[in-house]
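Before any comments, here is the structure.
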Number of protein chains: 2
Amino acid sequence: MNLKELARKLDLSPTTVSRALNGYPEVNEATRERVAAAARRYNYKPNTRAIRLATGRAMAVGHVIPLATRHEIVNPVFADFIAGAGEVYSRNGYDMLLSVVPDDNEERVYRELKSRGTVDGVILHAPRMEDPRIPLLVELDIPFVVHGRATGTTLPYSWVDVNNRRAFQRATEFLLDLGHRRIALINGLEFMDFALRRRRGYEDALTARGLTADPAIMVSEEMTETAGYRAALHMLALDQRPTAAIVSSMIMAMGVRRGFEERGLRVGRDVSIIIHDDELSYLRNGDDVPIFTATRSSVREAGRQAADMLISLITGKVTGPQELLLEAELIIGQSTGPFTG
Amino acid sequence: MNLKELARKLDLSPTTVSRALNGYPEVNEATRERVAAAARRYNYKPNTRAIRLATGRAMAVGHVIPLATRHEIVNPVFADFIAGAGEVYSRNGYDMLLSVVPDDNEERVYRELKSRGTVDGVILHAPRMEDPRIPLLVELDIPFVVHGRATGTTLPYSWVDVNNRRAFQRATEFLLDLGHRRIALINGLEFMDFALRRRRGYEDALTARGLTADPAIMVSEEMTETAGYRAALHMLALDQRPTAAIVSSMIMAMGVRRGFEERGLRVGRDVSIIIHDDELSYLRNGDDVPIFTATRSSVREAGRQAADMLISLITGKVTGPQELLLEAELIIGQSTGPFTG
DNA sequence: AATCATTTTCAAACCGCTTTGAATGGCTCC
DNA sequence: GGAGCCATTCAAAGCGGTTTGAAAATGATT
């Protein structure tokens, strides 16, 4: 069943039927009713492909997932971010297009997205320092929103980010207040913007108390369980070992905990851990009582916000770069305790 | 730059240009060269929307992600499955469309996908016993491949699955061989087909040795860390506590380990654990030496296979229901040991 | 009743490609 | 030199909608 056929059945022109269904004012209310009823009756749904060609809009948003060619890691927060964004897209009639792309030809993909007109806008994931994709997207004139920010980029652009610096600063202060002085930072790879900011927050807090960050107890690694485990063992091997650690992700922290506990240290008593908790749906930080003390910020909510912002940009509801900084809350769990001798 | 314009520049008809670029035989090789060169020069990329309307193919595959309305969990294996499937799609010029849908109106989404012609086929995720979506998709006549199977469905359909029953049977046998007799099963929700099959494998292995499964040491829960943790505590509270456990996922097992170790039991010595390892990229089971003894099967590879199969079905390269059963391998890690008094 | 403004409907062009069926031109062959 | 045959090329008709500009119907005004 297509428009023409439906029009014929109604003894109306396609024009009128189209207008009736799309809520244009220049159509008689009685007619509109009749059309709507027929559309329901014959289960008419306008063909997406035709709409897209006719209107020139893709009614779709692209998410390009760079697949790190070396280690092939899919960002674990990705699924939840998508879930949040997806909600918003469905509500607004947009499709979500995913391209999994080896990160060495991401540029080509963006260019094609543009020239083939497959999407109306994109979400940029996992920005790095001076990320080259930002100027590229600006040049291509594709509406986009960055999940995160890119230190060193001077061009204005739209983004949704968590205040990572502030979060880690507070986490560090919290540990300092508990009496800890040797606090390890077990961070993600620091060419990732968020990791960089987290380190800054950590360093700022230390400096503010007249302490200096010790590179020996700072690691920057892939945020996997095993990397966390290795980091923990590394820390334990030091003669001046840390009494607390701030860990960039829940998964990594599970490895850290495994390392510590394997050596007989009890987390929350012998050693304190604060994590950053993205509130991943399959990796809740406990139900009622949080397992880990954490800086918490819902990545799903970030997905919703980013999608919202992007749609506003695409439809022209807003213009010019939009910015949204979400604050993380510090929640107290069972993994931290006062410094004991 | 579009086809008409390019044709004008070349002083050829759109027909010829189109044919030249699409490799049709009835075009002079010299002309084809000239066209190809011009296309490169002017960076011409055919408009996707137009191609889709003209050919009637969507050149896109849909993945409908049911969002469990009650608990809002995004399946953690999802990201890696997508990554695998995405590779195949890109290689074949297909787009991947994601719909995140509250699971109570999944049916509506499939019907729309069909009537609006947004996709050429779909992948069905997380099938359940007698999953109603299978007859629905058959009725709608959309090509589809199920990731998993649906016990109780009599209609033939295409699927890619892991031999879950066999995997868990072998895991159980392995523990039995180590002398364990009270082996817990910490499973996913058993309306999920894979969970059901895993339990069967477990029960079969026990029965084969003249043992009967004890419901007191079998739990079926959401596969989260906390659920695993609770399950472990529950087991420890029994007077006849298990000496080994088979756990349905890595994440869940991390909770189980936390529970055991919190109560002073050392995994691999005081209690044995076997997990199922989907080889999630961000959750490797150790690097060289596996942390957990595991039944292992790459979900990313499953994604690749499923996508491949679906494209074959869409293009008509194969017809009729296709089936692919992947075997899991049993790998020995550090989490299992012989039964000790 | 004629005029004019307003509401409602329609025919046709268009979006950018594919594809059918016909036309053109060169060659071979008798 | 005309018929027949390829090899190339092209005009035009889709695909299924939206949108422009004009026509028809209605109502108000004089």
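Protein chains get the first letters and strands the later ones, always in sequence-line order, with residue 1 at the start of each. These values consider heavy atoms only, across backbone and side chains, with no hydrogens, waters or symmetry-generated copies.
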Rounded off to whole Å, could you give me the [atom1]-to-[atom2] distance for the [X] and [N] pair?
{"X": "A:L3", "N": "C:dC10", "atom1": "CG", "atom2": "C1'", "value": "13 Å"}
{"X": "A:E26", "N": "D:dA23", "atom1": "CD", "atom2": "P", "value": "18 Å"}
{"X": "B:N28", "N": "D:dC10", "atom1": "CG", "atom2": "P", "value": "11 Å"}
{"X": "B:K4", "N": "C:dC17", "atom1": "NZ", "atom2": "P", "value": "10 Å"}
{"X": "B:L12", "N": "D:dA11", "atom1": "CG", "atom2": "P", "value": "11 Å"}
{"X": "B:M59", "N": "C:dT18", "atom1": "CE", "atom2": "P", "value": "12 Å"}
{"X": "B:E5", "N": "C:dG16", "atom1": "CD", "atom2": "P", "value": "10 Å"}
{"X": "B:D11", "N": "D:dC10", "atom1": "CG", "atom2": "C1'", "value": "12 Å"}

[Y] backbone acceptor or donor facing [X] side chain under 3.5 Å:
{"X": "A:S18", "Y": "A:P14", "result": "no"}
{"X": "B:R300", "Y": "B:A83", "result": "no"}
{"X": "B:T48", "Y": "A:R116", "result": "yes"}
{"X": "B:N28", "Y": "B:A30", "result": "yes"}
{"X": "B:D80", "Y": "B:S281", "result": "yes"}

Considering just the side-chain nitrogens and oxygens of [X], establish if one lies under 4.0 Å of OP1 or OP2 belonging to [N].
{"X": "A:T16", "N": "C:dT9", "value": "no"}
{"X": "B:Y24", "N": "D:dT8", "value": "no"}
{"X": "B:T55", "N": "C:dT18", "value": "no"}
{"X": "B:N22", "N": "C:dT18", "value": "yes"}
{"X": "B:S18", "N": "C:dT18", "value": "yes"}

Original post:
Which of residues 30-54 of chain A have a heavy atom under 4.0 Å from DNA chain C?
Top reply: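 Under 4.0 Å from DNA chain C: A:T31, A:L53, A:A54.
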Original post:
What distance do B:N75 atom CG and B:H147 atom NE2 have between them, rounded to the nearest 0.5 Å?
Top reply: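 Answer for the CG-NE2 pair, B:N75 versus B:H147, is 8.5 Å.
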**OP:** Using a heavy-atom cut-off of under 4.0 Å over every strand shown, decide if B:T15 touches base, sugar-phosphate, or nothing.
**Re:**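 Base contact - B:T15 has a heavy atom under 4.0 Å of at least one base atom.
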Original post:
Would A:R52 and A:D95 pass as an ion pair if we require N to O under 4.0 Å?
Top reply: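 Yes.
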Original post:
Residues in side chain to side chain donor-acceptor pair (under 3.5 Å) with B:E301, at least two apart?
Top reply: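 Side chain to side chain donor-acceptor pair (under 3.5 Å) list for B:E301, sorted by chain: B:R304, B:Q305.
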**OP:** May I ask you to decide if the ring planes of A:F144 and A:Y157 are parallel, tilted or perpendicular, using 30° and 60° as cut-offs?
**Re:**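 If you compare the ring of A:F144 with that of A:Y157, the planes turn out parallel.
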Under-3.5 Å N/O pairs linking protein and nucleotides 24-27 of chain D:
none

